[in-house]
Amino acid sequence: MLKLECQDTYLWDSFRDSDPDAFSRIYNLHVQALYQYGSKLTPDTGFVMDCIHDLFVDLSNHRSTIGTTDNIRFYLIRSLTHRMIRAMKSHNKIRHDTIDDYPFLLEAAFDDTLDEQETTRKKRHYLRDALNELPYRQKEAIYLRYINNFNNEEIAQIMGINYQAVRNTLYKAIENLRKSISKEDFILFLMVLRPHQTLPFF
């Protein structure tokens, strides 16, 4: 089986060579992840869907001139992030495209009706509170690193900061979490982060 990087390179090159099946496959493979990520930047789901639509229209129209990539999801999320920030700036939703100017709406929520032991219920609430109290950019870095499995260089390009700033942000996020949860609970914490948003038309 081809490695993911090789699969992505082949699929992306096929798309750039005007293969309609490749374009459809890229859309179907990644549109949910794009929607989930975009919905963390703004609660306006209609705006998110419009930005995703415009992104794929531009990709289709300029497929012969866009660059190569061996990580399609990174390419798409980076492109969507920059597109959304530009659009939010033009609508005066944010002032600048810097690290502190837009929120990241990642929160943990639990179903308290679940039949579980009291200790487990308390632990889940500790995890929720630990995540919800993180600064926006720390939430975003955690989400990109541990949910989307991007490396620090990729995260830097998505967030518009340098490599060292990513390392510092992740370090601070982990330190903040460790004040509330143990290393053993970190796995449960990552399960809490798993995205639940789905496109309304899927």
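Between Arg137 and Glu140 there is a salt bridge, with a side-chain nitrogen of the basic residue lying less than 4.0 Å from a carboxylate oxygen of the acidic one.
Atoms CG and CD, on Leu106 and Gln138 in that order, are 12.0 Å from each other to the nearest 0.5 Å. Taken to the nearest 0.5 Å, the OH atom of Tyr35 stands 8.5 Å off from the CD atom of Gln32. Atom CG in Asp129 sits 11.0 Å away from atom CG in Leu134 (nearest 0.5 Å). Note: Ile158 CD1 to Phe150 CZ = 4.5 Å, rounded to the nearest 0.5 Å. A distance of 6.0 Å separates CG of Asp8 from CG of Asn71, quoted to the nearest 0.5 Å. How far CD of Glu175 is from CG of Leu170: 12.0 Å, rounded to the nearest 0.5 Å.
Applying the salt bridge (Lys or Arg N to Asp or Glu O under 4.0 Å) test to pairs two or more places apart or on separate chains, none has a residue in residues 142-169. For residues 14-28, the set of pairs meeting the salt bridge (Lys or Arg N to Asp or Glu O under 4.0 Å) definition, not counting sequence neighbours, comprises Asp13-Arg16.
Summarising the geometry of Leu11 relative to Leu29, their closest heavy-atom pair is CD2-CD1, 4.0 Å, with the distance given to 0.1 Å. Between Ala141 and Thr169, the closest heavy-atom pair is CB-CG2, 3.8 Å. Pairing each heavy atom of Trp12 with each of Gly67, the nearest pair is NE1-O, 2.8 Å. Here the shortest heavy-atom pairing between Met88 and Thr42 reads SD-CB, 4.4 Å. Ile142 and Ala173 get closest at one heavy-atom pair: CG1-CB, 3.7 Å. Nearest heavy-atom pair, Thr45 versus Ser39, reported as atom, atom and distance to 0.1 Å: CG2-OG, 4.4 Å.
The salt bridge (charged side-chain N to carboxylate O under 4.0 Å, His left out) search around Arg73 returns none, not counting sequence neighbours. Tyr136 pairs by the side-chain contact (heavy atoms from CB on, under 4.5 Å) definition with Pro103, Phe104, not counting sequence neighbours. Asn168 is linked by a side chain to side chain donor-acceptor pair (under 3.5 Å) to Gln164, counting only residues two or more places apart in sequence or in another chain.
Using a 4.5 Å heavy-atom cutoff, the side chains of Ile161 and Val166 are in contact. Leu34 has its side chain within reach of Ile77: a pair of non-hydrogen atoms, C-beta onward, lies under 4.5 Å apart. With a 4.5 Å cut-off on side-chain heavy atoms, Ile66 and Tyr75 count as touching. Here the side chains of Phe74 and Asn151 are not in contact, with every heavy-atom distance at 4.5 Å or above.
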Going by atom type alone, with no hydrogens or angles, which donor-acceptor pairs under 3.5 Å involve a side-chain atom of residues 50-60 and a protein atom two or more places apart or on another chain?
| from | atom 1 | to | atom 2 | distance (Å) |
| --- | --- | --- | --- | --- |
| Asp58 | OD2 | Arg83 | NH1 | 3.3 |
| Asp58 | OD2 | Arg83 | NH2 | 2.6 |
| Ser60 | OG | Arg63 | NH2 | 3.0 |

